[in-house]
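Structure first, commentary second.
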Amino acid sequence: MAAPIASSDNVASVSGDDAVSDIDPYRPPAANIQRPDAADEERGMFGLPAIALASVVGSVFAGTVVIALNYAAQKQRGTAWAVALLIGPVLTTAMLTALLIGSRILHIAPVPLWLGAWLAQPLLMTALAALLQGRAIQQRTRAGRPMASNVLALVIAVALLPVLALLVAPVSALLMGAIWAGVTSMR
């Protein structure tokens, strides 16, 4: 009788002329195949062009959400939530209200003002992002660390359009109505 070729539990052994398999097909693999913890993974930050793109498509609201995602990538969760849930809606509401009131005060159709805002908001959001996160974005780029895709910023902006239309714009309209009522009562 011959000795086994290998002594591992998952390796076939040979006894004499017969090859007998000791492999258990239901046994889990011995290698660690667990995915690393999501908290340990490095998430990419969005660059300034991605923030500008999000602002063009999804207004100031989408731009601030992308800035908030950059804070989350830097593991500044509190700041990320504050930017996404407070600063973004407030800036967007202020912009929309100013546009609506400006068109009423100037007695012009809102379209030229909206077009000007549409062109200005990516510039303003890029300047804000550069002020808040420019150094971190540059350091990450120089170090060769991952950056988030501009396409992802575009997808986020498009996904936020219903939120903008259903939540932020109506609040702006209500605020604009209240402010306009106050302005006209002063005359």
Side-chain angles (χ1 to χ4, degrees), residues 34-103 106 110-176 178-179:
Q34 297 294 323
R35 184 173 168 232
D37 186 18
D40 294 338
E41 289 183 21
E42 185 174 26
R43 292 176 32 193
M45 287 180 63
F46 291 95
L48 297 179
I51 294 168
L53 179 62
S55 299
V56 166
V57 174
S59 84
V60 171
F61 185 63
T64 54
V65 167
V66 172
I67 290 173
L69 289 172
N70 277 353
Y71 279 121
Q74 296 174 32
K75 307 221 185 303
Q76 297 178 13
R77 305 273 190 252
T79 306
W81 283 109
V83 169
L85 297 178
L86 181 66
I87 295 175
V90 167
L91 282 177
T92 306
T93 300
M95 182 203 66
L96 291 173
T97 304
L99 286 171
L100 292 171
I101 290 175
S103 69
L106 298 173
V111 174
L113 291 177
W114 287 97
L115 183 59
W118 183 69
L119 295 173
Q121 66 190 3
L123 300 173
L124 295 173
M125 289 308 300
T126 303
L128 179 65
L131 177 71
L132 297 175
Q133 300 173 335
R135 181 175 294 144
I137 292 170
Q138 286 177 352
Q139 288 173 352
R140 181 174 285 257
T141 303
R142 284 188 200 133
R145 293 172 45 208
M147 295 298 287
S149 166
N150 291 348
V151 173
L152 180 58
L154 177 66
V155 169
I156 290 169
V158 170
L160 288 173
L161 286 175
V163 174
L164 181 66
L166 297 175
L167 296 176
V168 179
V171 170
S172 297
L174 290 174
L175 183 61
M176 189 273 309
I179 292 173

Can you name the closest pair of heavy atoms from A80 and A72 and give their distance?
CB-N, 3.8 Å
Rounding to 0.5 Å, atoms CD (Q138) and OG1 (T141) come to a distance of 7.5 Å
Using a cut-off of 6.0 Å, state whether more than 12 heavy atoms not belonging to W118 lie near its atom CH2.
no
Please output the side-chain donor-acceptor pairs of residues 150-161 that fall under 3.5 Å, not counting sequence neighbours, one pair per line with the distance.
none

Nearest heavy-atom approach of A54 to A62 is O-CB, 3.4 Å
Show which side-chain atoms of residues 87-95 pair as donor or acceptor with protein atoms under 3.5 Å away, not counting sequence neighbours.
{"unit_1": "T92", "atom_1": "OG1", "unit_2": "F61", "atom_2": "N", "d": "3.0"}
{"unit_1": "T92", "atom_1": "OG1", "unit_2": "G88", "atom_2": "O", "d": "2.8"}
{"unit_1": "T93", "atom_1": "OG1", "unit_2": "P89", "atom_2": "O", "d": "2.7"}

For Q139, which residues count as a side chain to side chain donor-acceptor pair (under 3.5 Å) partner, sequence neighbours excluded?
none
Any donor and acceptor pair, going by atom type alone, linking the side chain of R145 with main-chain N or O of G44 inside 3.5 Å?
no
Minimum heavy-atom separation for A73 and R140, please, with both atom names.
O-NH2, 4.2 Å
Close side-chain approach of M147 and I137, heavy atoms under 4.5 Å:
yes
Show every donor-acceptor pair shorter than 3.5 Å between a side-chain atom in residues 126-136 and any protein atom, with sequence neighbours excluded, or say none if there are none.
{"unit_1": "T126", "atom_1": "OG1", "unit_2": "P122", "atom_2": "O", "d": "2.6"}
{"unit_1": "Q133", "atom_1": "OE1", "unit_2": "N70", "atom_2": "ND2", "d": "3.0"}
{"unit_1": "Q133", "atom_1": "NE2", "unit_2": "I67", "atom_2": "O", "d": "3.0"}

Listed by chain and number, what are the side chain to side chain donor-acceptor pair (under 3.5 Å) partners of Q76, not counting sequence neighbours?
Q74
Could you tell me the separation between the OG1 atom of T64 and the CD1 atom of I51, rounded to the nearest 0.5 Å?
10.0 Å
Non-neighbouring partners of W81 that pass side chain to side chain contact (heavy atoms under 4.5 Å, CB included), sequence neighbours left out:
L85
